[in-house]
Participant: 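The following block contains the structure, expressed as structure tokens.
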Amino acid sequence: MKKLLLIAILALAFTGCTEDEYTLFGTINGIVTDVQTGEPIGNVTMTLSPSGKSATTGSDGVYEFVDLEAGQYKIQARHFDYVTDTKTVNVLAGEIVRGDMQLTPKE
């Protein structure tokens, strides 16, 4: 009986679901650049709705939102020297979605 129980436990350990099968969340990442020069823009405030999360781009213009439930999100990019812009993206479970944005300088 003990031997049968041990075999059953080992079988479950080796046939259990992998971590990838339980991935319920996705990621949005991207880079914000100047539409005229193509250069990355640092210190851009990125706001995600409906979650309300926010992030700031680094000097390389890169930002990321992780552990997002699958669904549609709006990303807003704000910087005092640029025109605010918004982009809509669809997040899929287990996927990384690119949310690159180009901002136009204020005149």
Participant: By the definition side-chain contact (heavy atoms from CB on, under 4.5 Å), identify the one residue from V44, I75, V35 that meets it with M101.
Facilitator: I75
Participant: side-chain contact (heavy atoms from CB on, under 4.5 Å) with Q102: which of D34, T33, I31, I41?
Facilitator: T33
Participant: Which heavy atom of A77 sits nearest a heavy atom of L103, and at what distance?
Facilitator: CB-CD2, 3.9 Å
Participant: If hydrophobic clusters are built from ILVMFWY residues whose side chains come within less than 4.5 Å, do Y73 and F25 share one?
Facilitator: no
Participant: Quick check for you: to the nearest 0.5 Å, what is the distance between Y63 atom OH and D100 atom CG?
Facilitator: 7.0 Å
Participant: Closest approach of T57 and V32, non-hydrogen atoms and distance?
Facilitator: CG2-CG2, 3.9 Å
Participant: Crowded around E69 CD? As in, over 12 foreign heavy atoms under 6.0 Å?
Facilitator: no
Participant: Please tabulate, one pair per line, all N/O donor-acceptor pairs under 3.5 Å involving side-chain atoms of residues 45-56, not counting sequence neighbours.
Facilitator:
residue, atom, partner, partner atom, Å
S51, OG, K53, N, 3.1
K53, NZ, V66, O, 3.2

Participant: Between H79 and N43, what is the shortest heavy-atom contact and its length?
Facilitator: CD2-O, 3.4 Å
Participant: Please report the shortest heavy-atom distance between S59 and P40, naming the atom on each side.
Facilitator: O-CB, 4.2 Å
Participant: What's the spacing between D67 CG and L24 CG if we round to 0.5 Å?
Facilitator: 10.5 Å
Participant: Go through it in stages, so that I can follow the logic: the residues are R98 and N29, the test is side chain to side chain contact (heavy atoms under 4.5 Å, CB included), and I'd like the CA-CA distance, side-chain angles, deciding distance and then a yes or no.
Facilitator: CA-CA 5 Å; R98 294 294 299 183; N29 66 23; 3.2 Å; yes
